[in-house]
Structure formats: structure tokens, C-alpha cells
Amino acid sequence: MPEPLIEKYRERLSLEPGDPVVTMNEGSTPLIEAPVISERVGASVYLKLEGVNPTGSFKDRGMTVAVSRAKGAGAEAIICASTGNTAASCAAYAARAGLRGVVIVPEGRIAIGKLAQALIHGARVIALRGNFDQALEIVRELADRHPVELVNSVNPYRIEGQKTAAFEVCDELGPPDALAIPVGNAGNITAWWRGFQEYEVAPVLYGFQAEGAAPLVLGRPVAEPETIASAIRIGNPARWEEAMDAVTASRGRIAAVSDEQILDAYHLLASREGVFCEPASAASVAGILAHGLPAPEDREPPRSVVCVLTGHGLKDPDTALTKAPSVIGCEADTEAVEREVFKDD
Ligand SMILES: *Cc1c(COP(=O)(O)O)cnc(C)c1O
């Protein structure tokens with residue numbers, strides 16, 4: 001039996017001894033080589049496929065711990081604001097734990113797969129006429145007023161769970177020289193850094209935001225964040241300072257990538273590496289392709305880089321279909337099909 005991350009790393013997580021383990025065997029995700037991207041950046045690039053988690057994103061690593069603790073503490077309901085994946089994960093773990101799940105999402109702004117997940121797991125889904133940042137503000141207030149557990153990454157147990165991704169990489173590969181990761185609400189980069197610190201290693205962190213939603217790059221909140229990468233469409237990250245501290249301590253950097261660069265990397269990953277991730281995830285690869293692998297002056301340039309592919313491509317089929325070539329219609333006739341199959345493009 002594969003071991004749930006709570007069992008595997010129990011002594012490193014801050015759960016209470018009596019807490020139940022609400023799990024679907026998250027974590028232990030594949031780490032694979034990326035020969036095409038390696039060639040382009042001149043280093044060994046590895047992809048950490050977080051889309052292979054039970055609900056298709058890394059959010060499950062944090063959710064298993066947060067929901068186990070919430071259940072242990074006697075909560076009856078969990079709530080979150082979400083750009084989509086937290087909603088999907090919250091809904092699934094609520095179902096599994098026998099808790100009520102409530103998710104607040106920006107109306108019309110989340111990928112269709114994520115919405116389907118939240119609904120089928122039976123969460124109450126509220127579509128806010130507003131953006132993620134407003135949704136987060138509202139759920140924080142509701143969690144203050146009512147006995148519901150907030151499971152956004154402001155919840156410390158989310159970070160605890162998510163840091164295990166760094167443990168896995170170090171256990172499997174040894175510490176990489178650098179880590180490239182998309183940054184939205186900035187919980188995940190905070191978590192990875194914590195994981196590395198607990199292993200007493202310090203890869204250079206490259207955090208990438210989308211150009212239209214790049215508060216950490218600009219140094220100020222963005223009132224109306226805009227990008228194709230809906231999972232990182234966030235204008236005022238909750239873990240702003242921790243993320244910046246992590247990047248500074250690692251002597252890395254935060255930089256922006258355009259939607260075009262994100263979609264090019266997304267397409268490259270799918271068409272050349274065989275990996276289908278969601279657009280936000282591709283920001284990690286877009287970032288190293290666009291900005292290279294800058295090293296602190298007294299260090300050699302990174303020779304090994306792990307790109308975190310945060311979520312699965314099936315989450316957002318609309319973007320895939322817009323970016324991909326069209327299907328070819330054909331009559332049910334062998335010669336006609338033959339022509340289409342062997343036609344030079
Ligand atoms: C949540 C999410 C992110 C951003 O992570 P933060 O912890 O909010 O910075 C990136 N990609 C995907 C697919 C996500 O679901």
C-alpha cells in the first residue's frame with residue numbers, strides 16, 4: 001500500500017496525536033526528466049507532476065492535513081475562497097471526511113473541470129460577483145463569525161502538508177540547485193521553502209507570476225488581476241511577506257511571464273514532453289525559458305532545476321482546445337480517410 005503523506009512524514013507535521021487521517025494517498029507524485037526543456041535552458045530540468053494528486057493539484061497535500069486537523073478539532077464544515085483547485089480539493093476532502101464543504105469562487109472565472117469537481121463532491125458553490133481577493137476577505141470574516149474551518153493556505157496546516165513536496169524531491173533526487181514555481185496566493189512557494197529549510201538545503205527559488213497578476217513583481221497589490229492562468233489570477237497574495245522572505249533567503253527572484261509565454265510553455269510541455277498541465281503550472285517552465293537561470297554572484301549557475309507543475313491539464317479543457325489544432329472532419333470512406341491521414345501538413 002502506498003503511504004499517505006501524513007503517515008510518511010508524520011513526525012514532521014504538526015497534527016495532534018488523536019487526529020483522524022483523512023486521506024486519499026496524496027503526494028508521492030512523479031518527478032520526471034524534461035529533455036527538450038533541459039536542452040533549451042542548458043541544465044537538467046525535472047518536472048514534479050503535482051497534477052497526479054487525487055483531485056489533480058498540489059492543493060491535496062495541504063488539504064489532507066488541514067481537513068484531518070479540522071475533523072480532529074470537531075469542525076462540522078470547511079470553507080474556502082478559490083480560483084478553482086482549492087475548491088475542488090476542499091469539496092473532495094469534505095466529502096471524504098463527512099463534513100460540509102462550502103466554496104466561494106469568482107463568478108465565471110474558474111476552469112470548468114474544477115467547477116465540475118466542486119459540484120459533484122457536493123460542496124455548496126457560491127459564485128461571487130467579484131474576484132478571488134474579495135472572496136478571500138469574505139471567507140476570513142465568515143470563519144471568524146461561525147464555527148467553520150477556513151482551509152485556504154492562510155491555514156497553517158495547508159503549508160505543513162504542502163512542504164512535503166520538497167521532502168519528496170530531496171529524498172528522490174537530492175536537493176536540486178534551483179526550484180521554479182508559479183506564484184498566486186504565495187502559499188506554495190512558502191511551503192516548499194519551509195520543506196527545504198527543514199531538510200537544511202537551500203535551492204535558489206524562482207517564483208513566477210503572470211504579467212497581469214504580478215503584485216510581488218510590482219511591489220504593490222493589483223486591483224484587477226488578469227491572466228489566462230486562472231489559478232494564479234490573484235492581486236494581493238495572503239503570504240506576500242513569507243514568499244518574499246523565502247525568495248530573498250534563497251537568493252532567487254520573482255519575475256513575471258506574459259500569457260503568451262505561458263501558453264507557449266504549456267503547448268511545448270504537451271507537444272514535446274508529453275505532459276499536460278494547466279496554464280498556471282506552465283508559468284514555471286515559461287519563467288526559466290524567458291529569464292534563464294540567474295545565479296547569485298558567488299555561485300555556479302544551477303545545473304539541476306525542478307519545475308513544479310502544480311495542476312493537471314484536464315482541469316481546463318477550454319484553454320487546451322483554444323490552443324490546440326482543430327480536429328479534421330472526414331466522410332466514412334477509406335480513400336477519404338487515407339488522404340487525411342497521410343496528407344503533408
Ligand atoms: C493554487 C495554485 C497555484 C498557486 O499556488 P499559491 O499557493 O496560491 O501561490 C498555482 N498553480 C495551480 C494549478 C494552483 O492550483
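One-based numbering, in listed order, for ligands and for the atoms of each.
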Return the protein residues near ligand 1 (heavy atom under 4.0 Å from any of its atoms), ordered by chain and residue number.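 Close residues (ligand 1, cut-off 4.0 Å): Phe58, Lys59, Asn85, Val183, Gly184, Asn185, Ala186, Gly187, Asn188, Ala231, Ile232, Glu278, Ala280, Ser281, Thr310, Gly311.
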Take atom CD of Glu7 as the centre, draw a 6.0 Å sphere, and report whether it contains more than 12 heavy atoms from other residues, nucleotides or ligands.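 It does: Glu7 CD has more than 12 such atoms within range.
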Indicate yes or no: does Arg251 engage Asp298 in a salt bridge with an N to O separation below 4.0 Å.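 Counted as a salt bridge, because a side-chain N and a carboxylate O are separated by less than 4.0 Å.
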Ion pair Arg140/Glu137, N-O distance below 4.0 Å: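 A salt bridge is absent here (no side-chain N lies under 4.0 Å from a carboxylate O).
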Using side chain to side chain donor-acceptor pair (under 3.5 Å) as the criterion, list what pairs up with Glu338, not counting sequence neighbours.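 With sequence neighbours excluded, Glu338 shows a side chain to side chain donor-acceptor pair (under 3.5 Å) to no residue whatsoever.
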Arg253 NZ/CZ over Tyr206 ring centroid, <6.0 Å and within 45° of normal: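 Output no; distance or angle outside limits.
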Looking just at side-chain N and O atoms, do Thr164 and Arg61 make a donor-acceptor pair shorter than 3.5 Å?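 Looking only at side-chain atoms, Arg61 and Thr164 do form a donor-acceptor pair, the distance falling under 3.5 Å.
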